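Protein chains get the first letters and strands the later ones, always in sequence-line order, with residue 1 at the start of each. Bear in mind that the values here come from a model prediction, so they are computed numbers and not experimental data.
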Amino acid sequence: MRERYEPGEFEGVWRSRWADADLFLTHEVEGRPKFYGLDFFPYPSGAGLSVGHCRNYVPTDVICRMKRMQGFNVLHPMGFDAFGLPAENEAIKRQRPPGEMIDDYADNYRRQMDLIGVSYDWSRSFKSSDPSYYRWTQWIFKLLHERGLAERRQAEVNWCPKDKTALANEEVVGGLCERCGTPVEKRSIPQWFFRITEYAEQLLEGLDRIDWPEGIKQMQRNWIGKSEGAQFRMDVVLPEPPSLEAAEARLAQRLPGMAEQMKQARALLASAEATLQAANEESEDWETPLEEVRKVKAVFSLVEPQLAALAADPDPDALMNQSQSLQAIHDSLEDQLEAIREQIRGIDADDPSDKSRQQGLIRQLEQAEEIFDDIEDAFEDFLDLAVLHRANDGMEIGRQELSFEAFTTRIDTIYGVTFCVLAPEHPLVEKIISVSPLSERRRIRQYLKKAKSLTDEDRAAEGREKTGVRTLAHAINPATGQRIPLFIADYVMMGYGTGAIMAVPAHDERDFEFAFVHGLPVLPIISPEKPGKQAMPSGFTLPSSAKEGWLINSGSFSGLTIAEAQEKLIEWLEEEGIGEKKVNYRLRDWLISRQRYWGCPIPVIYDKEGHPELAPDDLLPVELPPVESYEPSDDGSSPLSRIPDFVNVTTADGSLGRRETDTLGGFACSSWYFLRFCDPHNDEAAWSPESLAKWMPVDCYVGGAEHAVMHLLYARFWTKVLFDAGLCPVDEPFQTLRNQGQVLAKTPYRAPREGETLDVGDTGILVSFAEAEGMDEKDLDWRWVRMSKSKGNVVTPDEAVEAYGADALRLFELFVAPFDQNVQWSNEGMQGTSRFLTRVFKLCAELAPFWQPNWRAQIDQVEPTNRAPAIRRATHKAILKATDDIEKFAFNTYVSTLMIAVNELNELTKGNAECDDSERLAFSEAMESLILLLSPAAPHSADELWAQLDGAGFTLNCAWPVGQARLAAADVVQIAVQVNGKLRGSLEAAADASEEAVLAAAAAVEKVVPYLEGKEVVKRVYVPGRLVNFVVR
RNA sequence: GCCGGGAUGGCGGAAUGGUAGACGCGGCGGUCUCAAACACCGUUGAGCUUAAACUCAUGCGGGUUCGAGUCCCGCUCCCGGCACCA
């Protein structure tokens, strides 16, 4: 009989026995309850698993194993999230085809998962990159499209210049690409979106019905960002435009001079060309600038006649048609000239004559550029005029021809609106520009350009002064009829609400800041006190965003509370027909197309006109073709677009079509895998209705908190759509969700040395463990950071199993800290759990001689004597507590319960070599229960112990012990005795002793007596089984 | 700034409003051993002590209660998330 935990001797043996017996295959026995236990779909990284990952998989395994022993049909699958950017980037780095690479990585994951004995049913496994899987991803895409939830539209998207793809909002963190940390840029390209915003309300509402960590639910609520308020129309009074006559006169003045300028420019270019040509004969260095100057000259000679024609006949229509393109050409000529100057400067000119030639050329080119600049300016003038012609057509300037919609959650403050603000991207901005005088236009354009050049992050940077420009247009406050100035400012975002706000500086901090900078009036509307005789209470500070108070300065609404005013004002807006109650969400549509190779192809074909058509079902899957080069390109097109065989297809009507070459982002693939696990081999359908009816929803979903908004929101969305389509029996996929804490490793850092710089936000430089070895401890800064390959601080399960054994590792993962807390990893901790397992083996070896295989039939027939009641008490206490703890995710106390049981049984075993019949039976029950309770956490050891008792089969197939409260209850209890709430003594009493008896005994406890002497006992508190408290005075 | 979660010995942590510190790590002392490792036994919050007894202890300040780590009010600090969302 084994007396120690010797993992090397038996763990591997059991793992192969389990495999040979197909022990982990999903059982579906009619009439039993089901349990679906699932871990987050992992991306199999090349680094393999660390003990950090195991903290996810082991607890889920414990629950699934217990549920199975309790007689549930258990579904416990595992697969791999193979598609997506991380895999593709890794493949490019390793120069390997991604499919092949990911297969290797997944195999390694599986090997490691098996190594720690996780009971996955591998027969149900798949990768999201399997055509047999993504065929159905495409099928769901089609379903979404049919239901109007997938659409292609031009959009300004977050573009990662390093990964060369568009990203979803959720993948941008603080203005940086979540994957690679590169600052994202804005790009406008046609993209596929899933209209998740249609489900905003349902996604919000469903959160109330599921058992998830409060923090995650709150994050989703914030992400959806519901706010209720009012939306209403604000009329705009436009500025008087400059008169047409004046503009025409200016133009007429300018055109003749322009011809002269052109001549000068031509001469300058010719002279530069001549100089360069001469220089070129002496040295090749001058060749590039020469060629460039020739190009500029050629373009210029094309433009000149057009300009001459315009000058001769300044017809407004012609201006409109040509000025814009001419302006653009001049713009680019300027850029080119600047580039040439740079080239010339770059030439090494040792020779003094070369040097003067260089300087002369530069001067000439500068002059030419100035002329172009001037001409471009004039064209801008043309353009202005042309646009004015158009804008004024059919519009009465100065009247309320234009309006915008404003959204507010504080309609009660409408009387305090002292200005309005449009986002720089607001459509009305262009209209305002078009009717503004030139100088105004310049100012506004300049501001728009500056605003656009800012990244979202800079735009929202903390402490940044609020910038903006005033326009000559005014908005009209519908409540007061007053004209108020209209601004354009980048603190208003186009993406939220209507992109236009009513600004109330008295009651909004941002509006206040802006008003402060721009010297705008601040009018208080809310008083914290109920207004009395005084019209205007003094002494409150601005801005106040109080949610409680009374209205002042608000016409007939003065005196109402905020809540009353909101209600009344919305009624008023509706009566006037200018506005209504409105709910807004922060949630944006889900950008799903990626201009990358390694993803699920979007099953769409464009016809000749470019209209998207869905690939018919029988052509699914649209398979990802093998390619030589899958590196992304800069132009925003997927590598697939370079494969003619893939791109060119025949459409339904036989004509030639073009395939969509973008692929779906990885989050699409992981939005339904939990459904496929219910019926993974179905090639007729994504799943059968019966299979989902049988298994859904997932009863226990476990993974890291980092997926709080992305995967978990998307998966809920798809499930809800499928539910609405009648294809899924539940609308919430994950009934219970739990997040495990992270595993941190102690990692060496040091202060930067002279000349070294730190990245923003960093406070130290990472040191390798080898390097740290040789360093002085005082120079080192040890920090607890997340395990990752790049930090070199990873402990792998392979090492841990090798050194301590799989069961010791599993127990430590459970025991080290509460499940949802971060832990500071130390290998020494496994020493403790390994020692515990040795104590279990030793205990069982000692008790084995008393083993009665058929104890169950006899134990209740025999009167318990001697130690038997204590043994049974220890056993049943452990059963009850362990079962409850696992159910509650309290794995650390589940393990400590087992330790306590072992300690107690050890104590009871000590010094008593002989056992009577009832003790034998009690010990048998204890031993069997202990082994079975241990089985979910330490399955190898449990099976080894079970086999040593000649138990048949595997512990996983045994029934989970059932605890009896009656047997767990102590017959003698310790009662604490307090006087005035202070502990003064204790006594032992029979559990069923009467209150009077206990009180009497308590008063007689030796240590208690002095505290009662001479005092009057005013109250006696008795808590059965726990304590007595005498209140005296 | 807003939202969420925390703070208990040297360390990880335990504790339905009822004997704070279970269980484990580490430390100390011991047994076994030629020795080490393993294992086992004992001990281990602080203060004051020969000891007993007593006092103090769950981030800080109040409150409710016979009794508060736990409930309420007001702070401090730490972690996570969001962040010009009108």
Whole angstrom value for the distance that separates [atom2] of [N] from [atom1] of [X]:
X       : N     : atom1 : atom2 : value
A/F891  : B/C23 : CZ    : P     : 22 Å
A/N980  : B/U65 : CG    : P     : 15 Å
A/F516  : B/C84 : CZ    : C1'   : 18 Å
A/E1006 : B/A53 : CD    : P     : 10 Å

Point to revise | Whether A/H507 side chain and A/I525 backbone form a donor-acceptor pair below 3.5 Å | key: yes

| Backbone N or O of A/P521 within a donor-acceptor pair of the A/T418 side chain at under 3.5 Å? |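 Such a contact is found between A/T418 side chain and A/P521 backbone.
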
Sugar-phosphate, base or nothing in reach of [X], heavy atoms under 4.0 Å:
X       : answer
A/Y1011 : sugar-phosphate
A/R984  : sugar-phosphate
A/G497  : nothing
A/N903  : sugar-phosphate

Could you let me know what B/G17 is paired to, Watson-Crick or G-U wobble, both distances under 3.5 Å, or none if it's on its own?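 B/G17 is unpaired by these criteria.
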
Across all strands, who's sitting opposite B/C32 as a Watson-Crick or G-U wobble pair, both distances under 3.5 Å?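 Result: none.
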
Identify every side-chain donor-acceptor pair in residues 492-505 of chain A under 3.5 Å, counting partners at least two apart or on other chains, and give the distances.
residue, atom, partner, partner atom, Å
A/Y496, OH, A/S227, OG, 2.6
A/T498, OG1, A/E405, O, 2.6
A/T498, OG1, A/A500, N, 3.4
A/T498, OG1, A/A500, O, 3.2

Comparing A/M494 with A/I216, nearest RNA chain B nucleotide closer to 5' gives the residue A/I216

Exercise for review: For A/Y491 and A/D511, test the side chains for any donor-to-acceptor distance below 3.5 angstrom and give the result as yes or no.
Suggested key: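 Their side chains do contain a donor-acceptor pair, which is all the 3.5 Å distance test asks for.
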
* For A/Y5 and A/S941, does a side-chain donor sit closer than 3.5 Å to a side-chain acceptor? -> no

Protein-proximity profile, nucleotides 38-47 of chain B, B/S/- by nucleotide at the 4.0 Å heavy-atom cutoff, equals SSS-------

Reading nucleotides 9-21 of chain B from 5' to 3' and marking B where a protein heavy atom lies under 4.0 Å of the base, S where only the sugar-phosphate is that close, and - otherwise, the string is ---BSS---BB--

From C-beta outward on [X], which listed nucleotide comes closest to its side chain: [options]?
X       : options             : result
A/K982  : B/C56, B/C84, B/A86 : B/C56
A/Q218  : B/C23, B/G4, B/A86  : B/G4
A/R586  : B/C56, B/A22, B/C82 : B/C82
A/S227  : B/C84, B/C3, B/A86  : B/A86
A/K1007 : B/C84, B/A53, B/C23 : B/A53

So CG of A/N56 and CZ of A/F819: to nearest 0.5 Å the spacing works out to 7.0 Å

